[in-house]
Amino acid sequence: VVLCCVVCLCCILCVCIALAWFCIFFFSLIDVYVFEQGFTAQITFVYLSRTLEWEKLLPTDVREEITPSKDPNNPTNLVSKGTFKNFPNISTYTQLHPAAELANLISDMCGWIITHNAAFFKKALGVA
């Protein structure tokens with residue numbers, strides 16, 4: 001069983017929910033299927049964080065909007081205002097309806113991360 005999940009680094013609750021969901025899902029399967037002793041499961045989490053290598057590939061106007069003014073080369077620093085506030089670690093409590101531009105940018109970044117690290121993901125998913 002392989003579970004892939006994209007969660008934001010600032011939302012530890014998401015990790016707990018994902019693990020709880022997986023446990024509920026996994027243990028509900030026990031009632032339906034018979035697992036042999038020694039069955040293992042692998043979980044792959046992709047944490048959202050600023051990806052400086054990806055940011056360098058963006059058009060200048062977009063890159064300027066998502067680059068924090070304070071210590072821009074530190075991936076832990078985030079933009080504090082505007083359409084891309086907290087990018088990519090949007091708050092799942094206060095930013096329930098992110099702008100389309102923000103959602104699309106996060107989607108593009110996640111796609112780049114997975115494509116850029118395809119060998120790792122293939123291995124993690126057992127496709128290699």
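Not measured: the values here are computed from a predicted model.
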What heavy-atom pair brings [X] and [Y] nearest, and what distance separates the two atoms?
X	Y	value
P68	P72	O-CB, 3.4 Å
I113	N117	O-ND2, 2.8 Å
P75	S49	O-OG, 4.2 Å
L102	P98	CD2-CB, 3.8 Å
K56	R63	O-NH1, 3.4 Å

Residues passing the salt bridge (charged side-chain N to carboxylate O under 4.0 Å, His left out) test with E101, sequence neighbours excluded, are none
Note, L78 side chain near P88 side chain (heavy atom, < 4.5 Å): yes
| Are L52 and F84 co-members of a hydrophobic cluster defined by side-chain heavy atoms under 4.5 Å apart? | no
Exercise for review: Mind running side-chain contact (heavy atoms from CB on, under 4.5 Å) on V79 and E65 for me, showing each step along the way?
Suggested key: CA-CA 8 Å; V79 175; E65 284 196 61; over 6 Å; no
Got a second to check how far [X]'s [atom1] is from [Y]'s [atom2], nearest 0.5 Å?
X	Y	atom1	atom2	value
R50	T67	CZ	OG1	6.0 Å
N86	K81	CG	NZ	13.0 Å
N104	I106	CG	CD1	9.5 Å

Residues at least two apart in sequence or cross-chain that pass side-chain contact (heavy atoms from CB on, under 4.5 Å) with E64, listed by chain then number, are T60
D108 meets the side-chain contact (heavy atoms from CB on, under 4.5 Å) criterion, sequence neighbours left out, with W54
